[in-house]
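Read through the structure below, which is laid out as structure tokens, and then see the notes.
We number each residue from 1, following the sequence as shown. Note that the structure is predicted; figures quoted are calculated from it, not measured.
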Amino acid sequence: MKRVLLTITGKVQGVGFRRYAMQRARALGLTGYVCNLDDGSVELLVQGAYPAVDQLIAECEIGPPYADVRDVLVEEDDRDEIYLDFSVTG
């Protein structure tokens, strides 16, 4: 299992990015969450099979049609929480 925390910057709020991330994560069988941050970026914690996580990272680098992704920072995450679904928060 792979677990990463993504910070996505650019024009990523108000363009359906959280819904896009949730739909793609669920379609790939991943769990975690996505939320807006106060600085205008989006945070996404995702866990699941290595190929599926890598696929979601690649899709977040593009984003939904109205997004303009500038950067996707990927960090390994070692928290103990286990997510059973993928949700939108904040």
Side-chain H-bond candidate by donor/acceptor type, Ser41 with Asp39, under 3.5 Å
yes

Any donor-acceptor pair under 3.5 Å linking the side-chain atoms of Gln47 with those of Thr31?
yes

Can you find a heavy atom in the side chain of [X] that is under 4.5 Å from one in the side chain of [Y]?
X	Y	answer
Arg26	Asp85	yes
Leu37	Val42	no
Lys2	Val46	no
Val69	Cys60	no

Roughly how far, to the nearest 0.5 Å, is [atom2] of [Y] from [atom1] of [X]?
X	Y	atom1	atom2	answer
Ile8	Leu44	CD1	CG	5.0 Å
Glu81	Leu45	CD	CG	8.0 Å
Leu73	Asp71	CG	CG	6.5 Å

With hydrophobic residues grouped by side-chain heavy-atom distances under 4.5 Å, do [X] and [Y] end up in a single group?
X	Y	value
Val34	Ile57	yes
Tyr20	Leu6	no
Leu28	Val74	yes

Exactly one of Arg19, Arg18, Lys11, Gln13 should register a side-chain contact (heavy atoms from CB on, under 4.5 Å) with Val15. Which one does?
Lys11

Pairing residues for Tyr83 by the ring pair (Phe, Tyr, Trp, His ring centres under 6.0 Å) criterion, not counting sequence neighbours
Tyr33

In terms of heavy-atom contacts, Ala67 and Phe17 come closest through CB-CD1, 4.1 Å

Cationic N near anionic O, under 4.0 Å, Arg3 to Asp78:
no

Could you work out the complete set of other residues in the hydrophobic cluster of Ile82, with links drawn between I, L, V, M, F, W and Y side chains under 4.5 Å apart?
Leu84

Taking salt bridge (Lys or Arg N to Asp or Glu O under 4.0 Å) as the cut-off, I'd like each qualifying pair that reaches into residues 57-70, sequence neighbours left out, listed once.
Arg24-Glu59

